[in-house]
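Below: the structure, in structure tokens.
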Amino acid sequence: MSTTEKSGINEIIIQGLTRAGKPFRPSDWVDRMCSTYASFGADRKLRYSPYLKPRVIEGVRCLAVDLKLRDTNPEGFNQLMHFAEENQLNILDAAGNSIPTPA
């Protein structure tokens with residue numbers, strides 16, 4: 001059981017800020033991530049994954065990640081966490097506390 005599971009966290013926030021406090025570029029990274037996990041519905045319209053939600057928190061573009069993604073798309077979840085880690089993006093729990101990248 002991971003740390004996030006033990007603490008009952010069901011969502012994390014990936015901030016558009018690096019751990020050094022610098023804005024992450026490109027500025028549309030959240031939209032790109034949401035599009036990567038999107039699919040077309042029966043109406044032929046693009047639908048974002050219910051597990052990823054764009055957010056702006058205190059003026060910073062962020063990506064809210066429902067941890068159910070880990071169960072429904074483990075490979076996608078791992079890729080997303082690798083992206084966050086590789087780019088040194090700050091990850092927050094629901095209370096706004098910085099946490100290590102979930103496994």
Side-chain angles (χ1 to χ4, degrees):
M1 185 176 274
S2 72
T3 305
T4 51
E5 289 171 322
K6 289 177 193 168
S7 60
I9 294 173
N10 58 6
E11 180 179 84
I12 58 171
I13 304 294
I14 303 174
Q15 280 188 315
L17 291 175
T18 65
R19 291 182 192 138
K22 301 203 185 281
F24 182 69
R25 299 284 181 245
S27 58
D28 68 344
W29 72 274
V30 171
D31 302 315
R32 290 180 186 202
M33 283 296 152
C34 287
S35 295
T36 299
Y37 293 82
S39 60
F40 285 95
D43 59 0
R44 298 185 182 170
K45 291 185 180 180
L46 193 62
R47 305 241 184 250
Y48 279 171
S49 166
Y51 305 111
L52 301 176
K53 295 191 175 35
R55 297 249 173 92
V56 176
I57 301 173
E58 296 179 8
V60 177
R61 293 202 29 103
C62 301
L63 181 62
V65 180
D66 186 321
L67 292 178
K68 290 178 189 167
L69 179 65
R70 186 173 22 213
D71 298 325
T72 62
N73 184 349
E75 183 178 327
F77 179 81
N78 289 336
Q79 288 174 345
L80 189 57
M81 293 304 104
H82 178 74
F83 171 82
E85 186 65 30
E86 186 174 79
N87 291 289
Q88 296 292 298
L89 297 177
N90 198 27
I91 299 178
L92 308 174
D93 63 15
N97 301 309
S98 188
I99 60 171
T101 304

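Cluster partners of L46 are F40, counting Ile, Leu, Val, Met, Phe, Trp and Tyr whose side-chain heavy atoms approach within less than 4.5 Å, directly or via other members. With a 4.5 Å cut-off between side-chain heavy atoms of Ile, Leu, Val, Met, Phe, Trp and Tyr, the cluster of I57 takes in I13, L92.
Not counting sequence neighbours, D66 has no partner by the salt bridge (charged side-chain N to carboxylate O under 4.0 Å, His left out) test. F24 is linked by a ring pair (Phe, Tyr, Trp, His ring centres under 6.0 Å) to W29, F83, counting only residues two or more places apart in sequence or in another chain. Here D93 pairs with N97 under the side chain to side chain donor-acceptor pair (under 3.5 Å) rule; sequence neighbours left out. Considering only residues two or more places apart in sequence or on other chains, R32 meets the salt bridge (charged side-chain N to carboxylate O under 4.0 Å, His left out) condition with D28.
Inter-residue side-chain proximity for L69 and L80 is flagged as met; some heavy-atom pair is nearer than 4.5 Å. Side-chain atoms of V65 and Y51, non-hydrogen and from C-beta on, never get closer than 4.5 Å to each other.
Considering all non-hydrogen atoms of both residues, M33 and L52 come closest at O-CD1, 4.1 Å. In plain terms, the two heavy atoms of P54 and L63 that are nearest each other are N-CD1, 4.4 Å. Nearest heavy-atom pair across M81 and I12 is CE-CD1, 3.7 Å. The minimum heavy-atom distance linking Y37 with G76 is given by the pair OH-O, 2.7 Å.
The distance from the OG atom of S27 to the CZ atom of R61 is 7.5 Å, given to the nearest 0.5 Å. Rounded to the nearest 0.5 angstrom, C62 SG and R55 CZ are separated by 9.0 Å. F77 contributes atom CZ, which lies 5.5 Å from atom CG of L67 (distance to the nearest 0.5 angstrom).
The side chain to side chain donor-acceptor pair (under 3.5 Å) with T101 is formed by just one residue from the set H82, Q88, E85; it is E85.
Here R70 does not pair with E75 in a salt bridge; the nearest charged N to carboxylate O distance is not below 4.0 Å.
Transitive grouping of hydrophobic side chains (ILVMFWY, heavy atoms separated by less than 4.5 Å) brings L89 and I99 into a common cluster. Hydrophobic clustering of Ile, Leu, Val, Met, Phe, Trp and Tyr side chains at less than 4.5 Å, counting indirect connections, keeps I14 apart from Y48.
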- request: Under the side chain to side chain contact (heavy atoms under 4.5 Å, CB included) rule, what do N90 and T18 come out as? Steps first, then yes or no, please.
  value: CA-CA 6 Å; N90 198 27; T18 65; over 6 Å; no
